[in-house]
Amino acid sequence: MKDFFDNIIASIGINDVLDILIVSFIVYKILGFIRETRAQQLVKGLLVLVVAFFLSDILNLYALNWILRGTMTLGVIALVVVFQPELRRGLEYVGRSKIVKAPFGQLDKEKAKTVTDEFVKAVDSFSSTKTGALIILERETALSDIAETGTEVNADITSQLLGNIFYEGAPLHDGAVIIRGDKIFAAGCVLPLTGNKNLNKSLGTRHRAGIGITENSDAIAIIVSEETGIISMAIDGKLTRFLDTKTVEKTLLNLYLSGNDDDSFKFSKIFDKIGRKKDAK
């Protein structure tokens, strides 16, 4: 037995170690992506089908085996169509590597604090006056195609300008504002609505649009309800409600100063904690 293991160890070269490390890294990244999306349920369903297929083959259940074999063959094409958004997000996730990183905003601390303060003032005002607002923070996935549905602004971020844009009766108040870096890039933009059927029925088009854009990109959406003034944020297709301005400030500062590709996971954890606290109350 000792000779057996000695032979195995002796036959392992640097290329083998490198190969194992690369495969392990890829599997780790895939599992991390699956945990953050609906693909987790997809994988569970596929595992059930695979297990049933092998069991039917072992137990000589010919009819069931034939049905499962055909289902798995045609199912690959169906999965590509049904889970196109998840596959797209997966490819974007792979592309957002630190090697080719393009940070959200390369701002110094003073500039980041100034921009964040303007955001907080605007959001606080929207919440207190129950002014509906939908602000999209572009990150690594460019939203130029979404911006083309609205009006290009390309102006500095100020609470007064945001207030004028979302003022009821203003031409652009019903659309979304796209933030690129430290600029208001476009306003009055039309966003894709989420296809999630499990959302609260009380959520209107503004919230569904905010969730929808985060399902199709790595953007962060800040939403203020016109009916209640409740502040919400959406990221990776997940909506967190009943936020205060301190949370908005913390999120924006993290976004502007860290430039970390894994911030989406960090923000999700922050919002999850807030959601659990609200549920406990």
Side-chain angles (χ1 to χ4, degrees), residues 1-58 68-69 71-107 137-144 180-181 214-220 235-238 251 253-273:
M1 182 64 68
K2 183 176 181 300
D3 293 337
F4 174 75
F5 286 108
D6 289 340
N7 291 332
I8 293 178
I9 295 175
S11 63
I12 297 177
I14 296 178
N15 289 343
D16 298 314
V17 175
L18 182 61
D19 189 23
I20 294 173
L21 290 176
I22 292 175
V23 172
S24 300
F25 177 77
I26 293 174
V27 171
Y28 171 77
K29 285 294 184 179
I30 291 175
L31 291 177
F33 169 73
I34 289 174
R35 287 182 56 192
E36 297 297 323
T37 67
R38 288 189 302 160
Q40 183 174 2
Q41 305 303 319
L42 167 63
V43 171
K44 291 179 181 178
L46 288 176
L47 288 177
V48 171
L49 288 178
V50 171
V51 171
F53 174 75
F54 282 109
L55 286 177
S56 65
D57 189 38
I58 294 172
L68 290 175
R69 187 186 300 274
T71 301
M72 294 178 68
T73 301
L74 297 176
V76 174
I77 300 175
L79 288 174
V80 173
V81 176
V82 174
F83 288 92
Q84 183 270 337
E86 279 74 15
L87 293 173
R88 175 180 173 179
R89 290 179 62 203
L91 292 175
E92 289 177 349
Y93 177 73
V94 172
R96 295 198 298 268
S97 65
K98 293 186 178 182
I99 297 177
V100 293
K101 181 174 64 175
F104 166 78
Q106 295 179 336
L107 307 181
L137 307 173
E138 181 189 73
R139 299 175 69 198
E140 292 184 42
T141 302
L143 301 178
S144 299
R180 175 172 289 178
T214 64
E215 289 176 338
N216 292 278
S217 71
D218 62 344
I220 293 179
I235 183 169
D236 288 336
K238 298 177 182 179
T251 302
L253 285 176
N254 282 332
L255 193 61
Y256 275 110
L257 295 177
S258 64
N260 191 332
D261 287 325
D262 293 327
D263 280 344
S264 58
F265 299 105
K266 178 168 61 179
F267 295 147
S268 295
K269 292 177 181 177
I270 292 174
F271 299 151
D272 286 344
K273 289 180 181 178

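What you see below is based on every heavy atom in this structure, not just the backbone, and it leaves out hydrogens, waters and symmetry mates.
The minimum heavy-atom distance between R180 and S144, with the atom names listed, is NH2-OG, 3.1 Å. Taking each heavy atom of E215 and G237 in turn, the nearest pair found is CG-CA, 3.6 Å. The two residues R139 and I235 have their closest heavy-atom pair at NH1-CD1, 4.2 Å. Among all heavy-atom pairs drawn from D218 and E140, the shortest one is OD2-N, 3.1 Å. In this structure, S56 and L68 approach most closely via the heavy-atom pair OG-CD1, 4.1 Å.
Within 6.0 Å of atom CD1 in I14, 12 or fewer heavy atoms from other residues, nucleotides or ligands are found, so the atom counts as exposed in its surroundings.
Rounding to the nearest 0.5 Å gives a distance of 4.5 Å between CG of L255 and CD1 of I220.
Counting only heavy atoms from C-beta outward, the side chains of F54 and V50 approach each other to under 4.5 Å.
Checked by atom type and distance alone, the side chain of Y256 pairs as donor or acceptor with a backbone atom of G181 at under 3.5 Å. T214 contributes no side-chain N or O that, together with a main-chain N or O of A219, makes up a donor-acceptor pair within less than 3.5 Å.
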